[in-house]
Enquirer: 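I am attaching a structure below and will ask some questions about it afterwards.
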Amino acid sequence: MLLLTCPVCGVAADETELAPGGEAHLTRFGPGSDDATFESYLFHRKNPKGVHFERWRHAHGCGKWFHAARDTVTLEVFGTYSAQVTEPPRDILDRIAAKHPGFEWEGGA
C-alpha cells in the first residue's frame, strides 16, 4: 500500500484517500498552443523505472494538490512537498541522491 503524507494538512493518507494527477513539474499546454506542442504535452511523457515526481490530490481530506517523490520500483517515498514550487526541495533531492548515487534532477519537462 502506498502511504503519502499530505504536506498541507499533515495527514498520512493511503492511496485510497488520494487521487493521482500524473507527472509533476510539467509545463502544461492547452487551447492556443500549436498541434505539435499539444501532442507532445498529451502523449510524450517520461515513464521512468525508478525515481519519479508525481502530482497527487488529497481527495478525501483537505482536497489540496501536492507533489511526491518516490521510487516506482520499490514504492519508497522520498518525500512530499507543496505543488506551488517549481522544483523539489533540496532535502528530498539529497535523500534520493543518498539512495541513488549519481542521481541528478533534470528539471521539469
Side-chain angles (χ1 to χ4, degrees):
M1 176 184 308
L2 181 62
L3 292 172
L4 298 174
T5 300
C6 176
V8 178
C9 66
V11 171
D14 69 53
E15 59 198 296
T16 63
E17 297 179 50
L18 305 167
E23 188 176 340
H25 305 291
L26 288 177
T27 301
R28 288 169 165 70
F29 297 94
S33 59
D34 62 70
D35 289 345
T37 301
F38 190 57
E39 175 190 7
S40 179
Y41 163 68
L42 282 179
F43 300 113
H44 303 162
R45 299 285 172 88
K46 299 172 190 169
N47 189 17
K49 181 177 182 181
V51 178
H52 192 60
F53 298 90
E54 305 167 317
R55 291 170 29 105
W56 289 89
R57 188 170 76 85
H58 194 182
H60 297 287
C62 67
K64 302 294 185 182
W65 285 96
F66 64 92
H67 291 166
R70 72 179 184 98
D71 189 312
T72 60
V73 175
T74 65
L75 296 184
E76 178 180 5
V77 176
F78 296 104
T80 58
Y81 54 100
S82 170
Q84 283 69 46
V85 300
T86 57
E87 61 185 58
R90 173 60 28 206
D91 64 318
I92 291 176
L93 293 174
D94 290 345
R95 268 184 252 147
I96 295 168
K99 285 280 190 147
H100 300 276
F103 172 84
E104 290 186 33
W105 186 63
E106 297 176 13

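Values below: every heavy atom of this structure, side chains too, minus hydrogens, waters and symmetry copies.
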Enquirer: Provide the closest heavy-atom pair for A69 versus I92 in the form atom of the first, atom of the second, distance.
Expert: CB-CG2, 3.7 Å

Enquirer: How far does CD of E39 sit from OG of S33, to the nearest 0.5 angstrom?
Expert: 11.0 Å

Enquirer: Can I get a per-line list of side-chain donor-acceptor pairs under 3.5 Å for residues 58-68, giving both atom names and the distance, sequence neighbours left out?
Expert:
none

Enquirer: I need the L3 CG to T80 OG1 distance, nearest 0.5 Å.
Expert: 11.5 Å

Enquirer: Minimum heavy-atom separation for V73 and G50, please, with both atom names.
Expert: CG2-N, 3.8 Å

Enquirer: Measure the spacing between OG1 of T72 and NZ of K49 and express it to the nearest 0.5 Å.
Expert: 8.5 Å

Enquirer: Which residues pass the side chain to side chain donor-acceptor pair (under 3.5 Å) test with T16, sequence neighbours left out?
Expert: D14

Enquirer: Transitively linked via ILVMFWY side-chain contacts under 4.5 Å: V85 with W56?
Expert: no

Enquirer: Please report the shortest heavy-atom distance between A24 and R55, naming the atom on each side.
Expert: CA-CG, 3.8 Å

Enquirer: Can you sort out the partners of T37 under side chain to side chain donor-acceptor pair (under 3.5 Å), two or more places apart, ordered by chain and number?
Expert: D34

Enquirer: Going hydrophobic residue to hydrophobic residue with side-chain gaps under 4.5 angstrom, can you get from V11 over to L18?
Expert: no

Enquirer: State the CD1-CZ distance between I96 and F53, to the nearest 0.5 angstrom.
Expert: 4.0 Å

Enquirer: Suppose we screen for salt bridge (Lys or Arg N to Asp or Glu O under 4.0 Å). Which residues come up paired with R70, at least two apart in sequence or across chains?
Expert: E54

Enquirer: Nearest heavy-atom pair of Y41 and T27: which atoms, and what distance?
Expert: CD1-O, 3.7 Å

Enquirer: Rounded to the nearest 0.5 Å, how far apart are CZ of F103 and CG of L93?
Expert: 6.0 Å

Enquirer: Ignoring hydrogens, what is the shortest heavy-atom contact between D71 and F78? Give both atom names and the distance.
Expert: N-CE1, 3.9 Å

Enquirer: Excluding sequence neighbours, so at least two apart, what forms side chain to side chain donor-acceptor pair (under 3.5 Å) with R95?
Expert: D91

Enquirer: side-chain contact (heavy atoms from CB on, under 4.5 Å), that's the test. Do L4 and V77 meet it? Break it down for me.
Expert: CA-CA 7 Å; L4 298 174; V77 176; 3.6 Å; yes

Enquirer: Sort and list the pairs that fulfil salt bridge (charged side-chain N to carboxylate O under 4.0 Å, His left out) and have at least one residue in residues 76-87, not counting sequence neighbours.
Expert: E76-K99

